[in-house]
Asker: 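Next up is a structure, given as structure tokens.
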Amino acid sequence: MNTLANFEQVGKRGFYRPTSTVTFERALDMVAEAMLLARSLGLSDLLVNTTGFVGFAVPNIFARHTLAVKWAQSAGSALIVAIVARPELIDPEKIGVLMAQNRGATGDVFPTEVAALAWLDARSGGSAAIP
């Protein structure tokens, strides 16, 4: 299975919109692969829309910590990442985002692509077309 079949590049921005029934751990691995690909392509930012993932429950604090560590390792400090997730998966205090930022990652999580793109555009000084 090509996990990056749903990866697109528009200018210096990447878009990853996977759709799959997966475990939480597999979802993390797939997103990490997209982050590593974006870095290898020299992209400045990445929008990851995870709303197409199904098959796992709301992550607990330990799972969010695992997510944060993997995010920081995969994205590094230069790649700006906006993650779109189903609202019920977003912690109200965004603890996973905070843990990733504490490890050097730059990113945030949003309930919609519109909000995620607006945030990315504000950081990049421009806008990219939505594929």
Side-chain angles (χ1 to χ4, degrees):
M1 176 178 161
N2 181 359
T3 59
L4 296 177
N6 298 308
F7 189 95
E8 298 176 69
Q9 179 180 349
V10 177
K12 296 293 279 178
R13 178 169 293 163
F15 294 86
Y16 184 52
R17 298 179 180 105
T19 56
S20 190
T21 300
V22 293
T23 63
F24 182 74
E25 293 76 15
R26 182 67 187 129
L28 291 184
D29 289 342
M30 291 170 69
V31 171
E33 288 177 44
M35 290 176 182
L36 291 168
L37 176 59
R39 285 179 62 188
S40 73
L41 294 171
L43 302 183
S44 58
D45 54 46
L46 175 66
L47 182 141
V48 178
N49 187 333
T50 66
T51 60
F53 281 143
V54 294
F56 54 86
V58 174
N60 63 26
I61 191 70
F62 302 107
R64 291 180 192 280
H65 179 265
T66 300
L67 176 151
V69 170
K70 187 158 240 171
W71 177 354
Q73 290 171 341
S74 302
S77 59
L79 182 67
I80 300 169
V81 179
I83 296 180
V84 180
R86 294 189 314 273
E88 66 271 18
L89 298 178
I90 300 174
D91 180 77
E93 296 178 14
K94 296 188 177 183
I95 190 70
V97 172
L98 179 61
M99 288 186 279
Q101 290 171 344
N102 285 343
R103 285 160 181 75
T106 302
D108 207 342
V109 64
F110 304 90
T112 67
E113 276 201 15
V114 171
L117 286 168
W119 183 83
L120 284 174
D121 288 345
R123 269 131 199 86
S124 68
S127 64
I130 301 172

Asker: Are R39 and L46 side-chain neighbours, meaning at least one heavy-atom pair lies under 4.5 Å?
Answerer: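 Counting from C-beta outward, R39 and L46 never come under 4.5 Å.
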Asker: Where do L36 and S74 come nearest, in terms of heavy atoms and distance?
Answerer: CD2-O, 3.6 Å
Asker: Output the distance between atom CG (L117) and atom CZ (F15), rounded to the nearest 0.5 Å.
Answerer: 5.5 Å
Asker: I need the minimum non-hydrogen distance between A116 and V84, along with the two atoms involved.
Answerer: CB-CG2, 3.7 Å
Asker: Can you see which heavy atom on V48 is nearest to which on V31, and at what distance?
Answerer: CG1-CG2, 3.9 Å
Asker: I83 and V58: same hydrophobic cluster, using ILVMFWY side-chain contacts below 4.5 Å?
Answerer: yes
Asker: For the OG1 atom of T112 and the CG atom of N49, what is their distance to the nearest 0.5 Å?
Answerer: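 Here the interatomic distance stands at 9.5 Å.
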Asker: Could you tabulate the donor-acceptor pairs under 3.5 Å formed by side-chain atoms of residues 94-107, not counting sequence neighbours?
Answerer:
| from | atom 1 | to | atom 2 | distance (Å) |
| --- | --- | --- | --- | --- |
| K94 | NZ | D108 | OD1 | 3.0 |
| K94 | NZ | V109 | O | 3.0 |
| Q101 | NE2 | G107 | O | 3.0 |
| N102 | ND2 | L98 | O | 3.4 |
| R103 | NH1 | M99 | O | 2.9 |
| R103 | NH2 | H65 | NE2 | 3.2 |

Asker: What pair of heavy atoms forms the shortest contact from V81 to W119, and how long is it?
Answerer: O-CZ3, 3.8 Å
Asker: Can you get from L4 to M35 by hopping between Ile, Leu, Val, Met, Phe, Trp and Tyr side chains that sit under 4.5 Å apart?
Answerer: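 Yes; tracing contacts between hydrophobic side chains, which count when under 4.5 Å, links both residues.
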Asker: To the nearest 0.5 angstrom, please state how far the OG1 atom of T66 sits from the CD1 atom of I61.
Answerer: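 Between atom OG1 of T66 and atom CD1 of I61 there are 10.0 Å.
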Asker: Using modelled atom types only, decide if a donor and an acceptor are shared between the side chain of K12 and the backbone of G42 within a distance under 3.5 Å.
Answerer: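 Answer holds: yes.
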Asker: Does a sphere of radius 6.0 Å around CD in E93 hold more than 12 heavy atoms from other residues, nucleotides or ligands, not counting ones at 6.0 Å or beyond?
Answerer: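 Counting neighbours around CD of E93, 12 or fewer heavy atoms of other residues, nucleotides or ligands fall under 6.0 Å, so no.
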Asker: Would you compute the distance between atom CZ of R17 and atom CG of L47 and round it to the nearest 0.5 angstrom?
Answerer: 6.5 Å
Asker: Can you see which heavy atom on M30 is nearest to which on P18, and at what distance?
Answerer: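 Shortest heavy-atom contact: CE-CB, 4.1 Å.
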Asker: Is it true that W71 and V22 fall in one hydrophobic cluster, defined by side-chain heavy atoms closer than 4.5 Å?
Answerer: yes
Asker: Distance check, rounded to the nearest 0.5 Å: D121 atom CG versus D45 atom CG?
Answerer: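 It is 8.0 Å, given to the nearest 0.5 Å.
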Asker: Between R86 (side chain only) and F53 (backbone N and O only), is there a donor and an acceptor less than 3.5 Å apart?
Answerer: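 Checked: pair present.
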Asker: How close do F56 and A27 get, heavy atom to heavy atom, and via which atoms?
Answerer: CE2-CB, 4.0 Å
Asker: What residues form a side chain to side chain contact (heavy atoms under 4.5 Å, CB included) with Q9, not counting sequence neighbours?
Answerer: L41, L43
Asker: Is there a side-chain contact between S44 and I80 (heavy atoms, below 4.5 Å)?
Answerer: no
Asker: Supply the atom-to-atom distance N60 CG to F24 CZ, rounded to the nearest 0.5 angstrom.
Answerer: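 If we round to the nearest 0.5 Å, N60:CG and F24:CZ are 8.5 Å apart.
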